[in-house]
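The structure appears right after this line, and notes come after that.
Both backbone and side-chain heavy atoms feed into the values below; hydrogens, waters and symmetry mates do not.
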Amino acid sequence: MTNQLFGQMMDSPLLISNILDSASRHHAKMEIVSKRVEGDIHRYTISELHIRSKKLAQALEYLGLKMGSRIGTLAWNGYRHLEIYYGVSGSGLVCHTINPRLFPEQIAYIIQHAEDEIIFFDLSFRTLVEHLKPLCPLVKKWICLIDENLQATSVENIENYETFIANSSGVYEWPSFDERCASSLCYTSGTTGNPKGALYSHRSTILHSYASALPDSLCLSAMDVILPIVPMFHVNAWGIPYSSLLVGANLVLPGEKLDGKSIYDLLESEKVTFSAGVPTVWAGVIQYIKNNHLKFNHFKRVVIGGSACPPAMMKTFQDLGVEVIHAWGMTELSPLGTVAKPKSSDNCKTKEALELIHQKQGRVIFGVDMKIVDGDLNKLPHDGKAFGDLNVKGPWVINQYFKVNESALKDGWFPTGDVANIDSDGHMQITDRSKDVIKSGGEWISSIDLENIAAGHPLVTMAACIAVAHSKWGERPLLIVEKKSELTISEEELKNDILKFFEGKIAQWWIPDDIVFVDKIPLTATGKMQKMKLREQFKDYLLPTL
């Protein structure tokens, strides 16, 4: 295009260090509260976070690391981990958060693939580090996040975090560089093949932080006290360490104890108004509240993602006075893509209509676009009926995986691997993962719908639905149930009761052909049901014949 007229505005790069500078300058009394691995509560202000992040940046600078060098973390949600987030990325290095719940061999692969030069780790992972150290020869330093007077481990060449930053003054100017430079690195959980890296930029992270704070998104403000239960090693805690500082909200970091009592105690003692986490964690909180006849006194909003939120859980939170924000995203989306909130044009005249909208994964937030396509990439209508493969694009969606030369896109769109439908008002609903959908007699059955209904049964703790082979229909649904421990009826009686529970809620032919009970449904490192393992376990399962 010729004769373009450019605006006459300041041109300053969007950098993560800008968030910390602004928060320190304009929200100086903002408090960061951390439940430490050591068991006590640590408190300090945003100003102290700012100084200590700069001290860390200085200490890293003294090592002579090159811009873009990867710095790994094996840590829970805590103030030192937050300092690494800002001190590493702000200085032009790449913050690589590693999921410690993965198998050690997977972790070693990730560290080597990322070429991490330094690993910061929490004290609770010292045994893991002792195992990893000989497997990761590229790592130059292992630094434990503990107090200055404590010894991390008997293994040689393990340094102390407080000692590492002690000689830095904190008088440091954040460098300025291209906003498209890499800021952080997150790997997928690796349920199929080796984990793959999503390399975020400063620009993508800032834009994601802006969008996630919007009223029709997570609706964050300086009035909030925010508790991210989703770990900082899981897609950067859904971006909350950035968006909470961007708006100046008080931040509460829960550490390693994520049981129902520990979370409830923090919610109450710190007067938390907003939190975020996966359904499996919230199930423990709800159970603790019910068992002890408790209530929430300050908690107002919760975002639930990672996997579909069961309607029964949503209703329980609503009964407790907490608004549930259903959201969808993935590592490749930084992670936020959609949020389930109604708009003025929605026909929400009844409570039931409103609940249906909340149960969907929602509308895209500005910056993300989405469509559904068939197997030939032909766009399908957004009529709430057609469903197909969900594709997305936007400035915080990956173009390609780290160290993979070819693009991950198809016709300029990222294929998510989810099967979904989108209605005329833009509300998207995931009906399944493409690998989890059940194809019975040429028709698709949503395993998610079956799981959500089963989870609403009062005697069911968790339910997973998988496809098993069927001689006539190709595949049929098998429901795997983790029942509640206080069960007073036989498994056969419970099976019949659950099957009856489905009647009237779905088409008759969708109802599972059989139900099996297990002590525990296996979960992935990010708290999702491990269906791959269940499919392997029940690959030869014979359905009852009529």
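- No donor-acceptor distance shorter than 3.5 angstrom exists from the side chain of N236 to the backbone of G239, with no hydrogens or angles considered.
- The two residues Q361 and T338 come nearest to each other via the heavy atoms O-OG1, 2.7 Å.
- The main-chain N or O of A75 is never found under 3.5 Å from a side-chain atom of T73 such that the two would form a donor-acceptor pair.
- For the pair H298 and L267, the minimum side-chain heavy-atom distance is 4.5 Å or more.
- With respect to the salt-bridge test (charged N to carboxylate O, under 4.0 angstrom), the residues K35 and E270 do not qualify.
- The heavy-atom pair separating R101 from L258 by the smallest distance is NH2-CD1, 3.7 Å.
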**Asked** What's the verdict on side chain to side chain donor-acceptor pair (under 3.5 Å) for W328 and D418, showing C-alpha distance, side-chain angles and the deciding distance?
**Response** CA-CA 11 Å; W328 169 85; D418 284 316; 3.0 Å; yes

**Request:** May I have the step-by-step check of ring-ring contact (aromatic ring centres under 6.0 Å, His included) for F274 and F299, ending in yes or no?
**Result:** CA-CA 6 Å; F274 175 92; F299 194 25; 8.2 Å; no

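- Residue K257 qualifies as open at atom NZ: its count of foreign heavy atoms under 6.0 Å is 12 or below.
- The environment of CG in N167 is sparse: at most 12 heavy-atom neighbours from other residues, nucleotides or ligands sit within 6.0 Å.
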**Request:** List the steps, then state whether ring-ring contact (aromatic ring centres under 6.0 Å, His included) holds for Y187 with H113.
**Result:** CA-CA 10 Å; Y187 279 73; H113 187 268; 5.8 Å; yes

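- The shortest side-chain heavy-atom distance between I286 and F317 falls under the 4.5 Å cut-off.
- Ionic pairing of R43 and E31 is present here: one or more N-O contacts between side-chain nitrogen and carboxylate oxygen are shorter than 4.0 angstrom.
- Scanning all heavy atoms of the two residues, the minimum distance from S212 to S243 falls at OG-CB, 3.5 Å.
- Judged by distance alone, the side chain of S209 and the main-chain N or O of T205 form a donor-acceptor pair under 3.5 Å.
- At least one donor-acceptor pair under 3.5 Å links the side chain of S69 to the backbone N or O of K66.
- Environment of OH in Y62: crowded, with over 12 heavy atoms of neighbouring residues, nucleotides or ligands closer than 6.0 Å.
- Going from atom NE2 of H234 over to atom OG1 of T331 covers 5.5 Å, rounded to the nearest 0.5 Å.
- Using modelled atom types and a 3.5 Å distance limit, the side chains of D265 and S262 yield no donor-acceptor pair.
- At a threshold of 4.0 Å, the pair E256-R36 does not count as salt-bridged, since none of the basic side-chain nitrogens sits closer than that to a carboxylate oxygen.
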**Request:** Any chance you could lay out the side chain to side chain donor-acceptor pair (under 3.5 Å) test for E61 and S91, step after step, and finish with the verdict?
**Result:** CA-CA 8 Å; E61 187 178 56; S91 61; over 6 Å; no

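- Exactly one of L185, V88, I71, I16 qualifies for a side-chain contact (heavy atoms from CB on, under 4.5 Å) with C95. That residue is V88.
- In this structure, the side chain of E48 engages the main chain of T45 through a donor-acceptor pair within 3.5 Å.
- Every pair passing salt bridge (Lys or Arg N to Asp or Glu O under 4.0 Å) that includes a residue from residues 312-331 is listed here, sequence neighbours excluded: K315-D319.
- Side chains of Y401 and E332: a donor on one and an acceptor on the other come within 3.5 Å.
- Within the structure, ring-ring contact (aromatic ring centres under 6.0 Å, His included) contacts touching residues 15-44 (residues at least two apart or in different chains) are H42-Y44, H42-Y79, Y44-Y79.
- V392 places none of its side-chain heavy atoms less than 4.5 Å from the side chain of D369.
- The CD1 atom of I398 lies 9.0 Å from the OG atom of S334; values are rounded to the nearest 0.5 Å.
- The nearest pair of heavy atoms linking P395 to G367 is CD-O, 2.9 Å.
- Remark: the backbone N or O of F296 is not paired with any side-chain donor or acceptor of E268 at under 3.5 angstrom.
- Residues C136 and Q112 have side chains in contact (heavy-atom distance under 4.5 Å, counting atoms from C-beta outward).
- Other residues, nucleotides and ligands place no more than 12 heavy atoms under 6.0 Å from the CE atom of M223.
- Y288 contributes no side-chain N or O that, together with a main-chain N or O of I263, makes up a donor-acceptor pair within less than 3.5 Å.
- For R301 and D224, the salt-bridge test passes: some basic side-chain N is under 4.0 Å from an acidic carboxylate O.
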**CA sep, side-chain torsions, deciding dist, call: H81, W76, side-chain contact (heavy atoms from CB on, under 4.5 Å)** = CA-CA 7 Å; H81 203 176; W76 301 105; over 6 Å; no

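- Here the CD1-CG distance, from I32 to L251, works out to 6.0 Å after rounding to the nearest 0.5 Å.
- Applying the 6.0 Å contact sphere to NZ of K261 captures no more than 12 heavy atoms from other residues, nucleotides or ligands.
- Between A213 and V247, the shortest heavy-atom contact is CB-CG1, 3.8 Å.
- Here the straight-line distance linking atom CZ of F125 with atom CD1 of I98 works out to 10.5 Å at 0.5 Å rounding.
- Crowding of R180 atom CZ: a count of heavy atoms from other residues, nucleotides or ligands under 6.0 Å not exceeding 12.
- The backbone N or O of K300 sits nowhere less than 3.5 Å from a side-chain atom of T273 that would complete a donor-acceptor pair.
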**Prompt:** Does the side-chain contact (heavy atoms from CB on, under 4.5 Å) test come out yes or no for I289 and Y264, once each step is laid out?
**Reply:** CA-CA 8 Å; I289 288 173; Y264 178 81; 3.9 Å; yes

**Request:** Take I111 and L138 through the side-chain contact (heavy atoms from CB on, under 4.5 Å) test and state the conclusion after the steps.
**Result:** CA-CA 8 Å; I111 290 172; L138 296 178; over 6 Å; no

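- Around the OH atom of Y210, the shell of radius 6.0 Å holds no more than 12 heavy atoms that belong to other residues, nucleotides or ligands.
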**Chi angles and distances behind the side-chain contact (heavy atoms from CB on, under 4.5 Å) call for D147, N160** = CA-CA 7 Å; D147 293 338; N160 180 293; 5.9 Å; no

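- Rounded to the nearest 0.5 Å, atoms CG (L218) and CG (L336) are 5.5 Å apart.
- Here the closest heavy-atom approach between residue S275 and residue L227 is recorded as OG-O, 2.6 Å.
- Between I521 and M462 the shortest side-chain heavy-atom distance falls below 4.5 Å.
- Under the 3.5 Å distance criterion, the side-chain polar atoms of S168 are matched with a main-chain donor or acceptor of K55.
- Proximity of L49 to L82: side-chain heavy atoms (C-beta onward) are separated by under 4.5 Å at one or more points.
- Note that OG of S124 and CG of L145 are 9.5 Å apart. Values are rounded to the nearest 0.5 Å.
- Side-chain contact check for Y200 versus W396: every heavy-atom pair is 4.5 Å or farther apart.
- A salt bridge is defined here as a Lys NZ or Arg NE, NH1 or NH2 lying under 4.0 Å from an Asp or Glu carboxylate O, and K141 with E117 fails to meet this definition.
- Contact check for F402 versus R70: side-chain heavy atoms found under the 4.5 Å cut-off.
- Between the side chains of H50 and D21, at least one donor N or O sits under 3.5 Å from an acceptor N or O.
- Side-chain atoms of H326 come within 3.5 Å of backbone atoms of Q359 as a donor-acceptor pair (strictly under, hydrogens ignored).
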